[in-house]
Each structure stands twice: as C-alpha cells, then as structure tokens.
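Working notes for the structure below.
On a predicted model such as this, the values are computed, not experimentally measured, just so you know. The analysis underlying the following values was restricted to heavy atoms, covering all of them including side chains, and did not include hydrogens, waters or symmetry mates. All chains are named by letter (A, B, ...) in the order of the sequence lines, taking the proteins before the strands, and each is independently numbered beginning at 1.
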There are 2 protein chains.
Amino acid sequence: MNKPGIIEREAELCQQRCDHPDVVDEVRCSMPAEPLQQDVAQLFKVLGDHTRIRILNALYRSELCVCDLTSILGMNQSAVSHQLRVLRDAKIVRSQKQGKNVIYSLDDIHIAELIRIGFEHVVE
Amino acid sequence: MNKPGIIEREAELCQQRCDHPDVVDEVRCSMPAEPLQQDVAQLFKVLGDHTRIRILNALYRSELCVCDLTSILGMNQSAVSHQLRVLRDAKIVRSQKQGKNVIYSLDDIHIAELIRIGFEHVVE
DNA sequence: TTATCATATGAGTAGCTGTTCATATGAATA
DNA sequence: TATTCATATGAACAGCTACTCATATGATAA
C-alpha cells in the first residue's frame with residue numbers, strides 16, 4: 001500500500017527546501033518513539049467513541065454490571081458487551097466475576113484524569 | 001437505523017430485573033448531558049490517530065509550517081494538510097499565515113496536558 | 001504579466017469500526 | 001439433570017476515515 005521510496009525521496013527534497021531546517025532536525029530528534037506514539041493514538045482512539053465515553057462516565061460514578069450498563073445506556077446487551085471488550089483489551093476497565101454477573105470498573109487513575117480534562121476542555 | 005421502541009422497552013425490562021436499581025438510577029441522573037459527552041468523544045476521536053498524534057508531538061516542541069511537518073513525518077503534503085484541517089476544525093491547533101507559509105501551533109493548554117497524561121499512561 | 005512555490009481541497013477508494021442478529025458459554029436455580 | 005439468566009462472541013453489514021491523486025488557490029519572484 002505504501003510506496004516508501006517515493007515518500008522518502010519527497011521527504012528529503014522537502015527538507016532541503018524547508019524554511020526551518022534546524023528546527024526540523026531538532027524536532028525530529030526529540031520526537032517520542034514510534035511504538036509509543038502508536039500506543040497513545042490507540043488509547044485516545046478507544047476513548048474517542050460516544051458509547052464508550054458514556055460507559056466510562058457511568059463507571060466513573062460507580063462500578064456496575066453489564067446489565068446495569070445496558071439499562072443506563074438504553075442499548076442492547078450485545079453492543080455494550082462488545083464495547084466493554086474493547087475497553088478491557090485497552091486496559092481501560094477491569095472486570096470481576098460475581099456469581100452470574102460481571103462487575104466492571106475503571107482500571108486506572110489516569111483514565112479518570114483524561115476524562116476530567118477532556119470535559120474541562122469542551123466545557124470551556 | 002435505530003429502533004427506539006424496541007430499545008426503550010428492553011431498557012425498561014432490564015431495569016426491572018437489574019441487581020442494583022438504586023445505583024443505576026443514581027448514575028443515570030448524574031451522567032453528563034449527551035451533547036457534552038458527544039463533544040468529549042469527538043475530541044478524543046481526533047486525538048486518536050497516529051498521524052495526528054505525531055503532528056501534535058511535533059507542534060508540542062515547536063510551531064512549524066506545513067512543509068516542516070511534511071518533512072518530519074515523511075508523508076506527502078496532501079495527507080498532512082488533510083489532517084491539519086481535522087485538527088483545525090477541532091480547535092486543537094491554530095494556523096497563522098506568514099508569507100507563502102502557514103505556521104501551525106497547538107491551540108490550547110489542555111491539549112498539551114492530555115498528550116502528556118496519555119504518554120504517562122502508556123509508558124507506565 | 002507569467003512562473004513558481006506552499007498550501008488546501010474534492011473525489012475516489014481501501015480498510016476499519018460499531019451495531020445488530022444469532023448463538024455460545026457458563027453459572028445459578030429448580 | 002434441565003432450565004434460566006447474565007454475559008460473550010462470530011458474522012454480516014452500513015457508515016466512516018485516512019490516504020492518494022489531481023487540481024485549485026493564493027502569495028511571491030522573475
């Protein structure tokens with residue numbers, strides 16, 4: 001799909017005619033490692049969905065079973081379970097079996113902070 | 001596409017058989033308004049892309065013109081411009097004409113903070 | 001003016017994502 | 001044991017998104 005040869009050549013040419021070659025080099029060197037940037041993008045991507053944000057807002061207030069969430073969101077159980085799986089895989093929520101139910105809760109303090117700042121930003 | 005009648009009925013039924021009806025009601029009442037949650041989801045969605053995270057990491061270090069970014073990312077100019085448009089529309093970056101060039105920079109302090117916490121989370 | 005450079009943008013497309021439907025799993029109850 | 005309830009999951013599909021290509025815009029230089 002990619003055409004690395006062409007892209008690299010173009011990048012080089014661009015660097016030569018760039019207005020700020022020193023800054024460009026400096027920025028290029030101080031950029032975080034690619035896999036790290038991928039991970040951060042992936043984290044935000046998982047947070048970037050209406051249903052999942054609603055789930056996280058609910059769990060922010062209390063740990064809840066799937067049935068509770070289904071009720072709160074007014075969505076069908078399958079859709080909720082699918083999204084919980086995405087959140088679980090991303091280590092954003094944690095699950096814990098309790099009899100027939102599975103109780104979900106936020107996994108990490110960072111997540112709550114991200115949500116808080118996100119809301120702060122859009123409210124402004 | 002949606003079938004509100006069916007969804008609502010299912011939600012009601014679920015609430016009746018739910019294990020924690022009090023908690024559910026409490027959470028339901030204290031949830032943020034829908035449009036707000038939409039906005040937050042949209043914000044994270046825009047942050048949740050590899051190319052855009054790389055752009056923001058670069059701009060975190062210095063304001064840069066499109067050509068600089070094209071060089072740093074090693075991508076073609078059109079792709080970079082398209083993503084800059086997404087970031088501009090989301091009020092995440094700000095642009096400023098300077099002769100033939102357009103200089104981009106981060107728009108908001110919250111954004112830098114979100115990125116910082118995001119990296120903190122994935123590094124842990 | 002014309003030519004050139006930096007940036008923006010519309011159309012097309014391949015790949016991804018969120019929901020639904022149907023069904024499976026697995027625990028509690030009868 | 002069989003049944004019921006809570007949850008999970010695979011397949012299918014519609015809608016979205018990020019990139020590429022071609023081209024437009026708009027500013028500077030000749």
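Within a heavy-atom distance below 4.0 Å of DNA chain C, the residues of residues 82-93 of chain A found are A/His82, A/Gln83. Listed by residue number, the members of residues 43-61 of chain B with any heavy atom below 4.0 angstrom from DNA chain C form an empty set.
Partners of B/Gln37 according to the side-chain hydrogen bond (donor to acceptor under 3.5 Å, both in side chains) rule, which considers only residues two or more places apart in sequence or in another chain, are A/Asn57, B/Glu34. Listed by chain and number, the residues in a side-chain contact (heavy atoms from CB on, under 4.5 Å) with B/Arg85 are B/Arg88, B/Asp89 (sequence neighbours excluded). Residues that satisfy the side-chain contact (heavy atoms from CB on, under 4.5 Å) test with B/Gln98, not counting sequence neighbours, are B/Gln96, B/Ile103. With sequence neighbours left out, A/Val46 forms a side-chain contact (heavy atoms from CB on, under 4.5 Å) with A/Gln42, A/Arg52, A/Val86, A/Leu87, A/Ala90, A/Ile92. For A/Phe44, the ring-ring contact (aromatic ring centres under 6.0 Å, His included) test picks out B/Phe44, with sequence neighbours left out. Qualifying side-chain contact (heavy atoms from CB on, under 4.5 Å) partners for A/Ser30, counting only residues two or more places apart in sequence or in other chains: B/Arg61.
Of the possible donor and acceptor atoms, one in the side chain of A/Arg28 sits under 3.5 Å from a partner among the backbone N and O of B/Ser71.
Rounded to whole Å, atom C1' of C/dA8 lies 18 Å from atom CD of B/Gln96. One interatomic measurement links the two molecules: NZ of A/Lys100 to P of D/dA6, which rounds to 5 Å at whole-angstrom precision. In this structure, A/Gln77 places its CD atom 10 Å from C1' of D/dT9, rounding to the nearest Å. Residue B/Ile103 contributes atom CD1, which lies 11 Å from atom P of C/dA8 at whole-angstrom precision. Rounded to whole Å, atom C1' of D/dC5 lies 13 Å from atom NZ of A/Lys97. Taking atom CG on B/Asn76 and atom C1' on D/dA22, their separation rounds to 12 Å, with Å as the unit. Between the C1' atom of D/dC19 and the CG atom of B/Leu69 lies a distance of 17 Å, rounded to the nearest Å. Distance, B/Asn101 CG to D/dA27 P: 13 Å, rounded to whole Å.
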Side-chain donor-acceptor distances from residues 116-124 of chain B under 3.5 Å, at least two apart:
{"from": "B/Arg116", "atom 1": "NH1", "to": "B/Glu120", "atom 2": "OE1", "distance (Å)": "2.9"}
{"from": "B/Glu120", "atom 1": "OE2", "to": "A/His110", "atom 2": "NE2", "distance (Å)": "3.4"}

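Looking at the side chain of A/Val102, the nearest of the listed nucleotides D/dT7, C/dT7, C/dT19 is D/dT7.
Residue whose closest nucleotide on DNA chain C sits further toward the 5' end, between A/Ser78 and A/Gln98: A/Ser78.
Residues A/Leu47 and A/Ile53 approach most closely at O-CG1, 3.1 Å, considering heavy atoms.
The phosphate of C/dA6 (OP1 or OP2) has no side-chain N or O of B/Tyr104 nearer than 4.0 angstrom.
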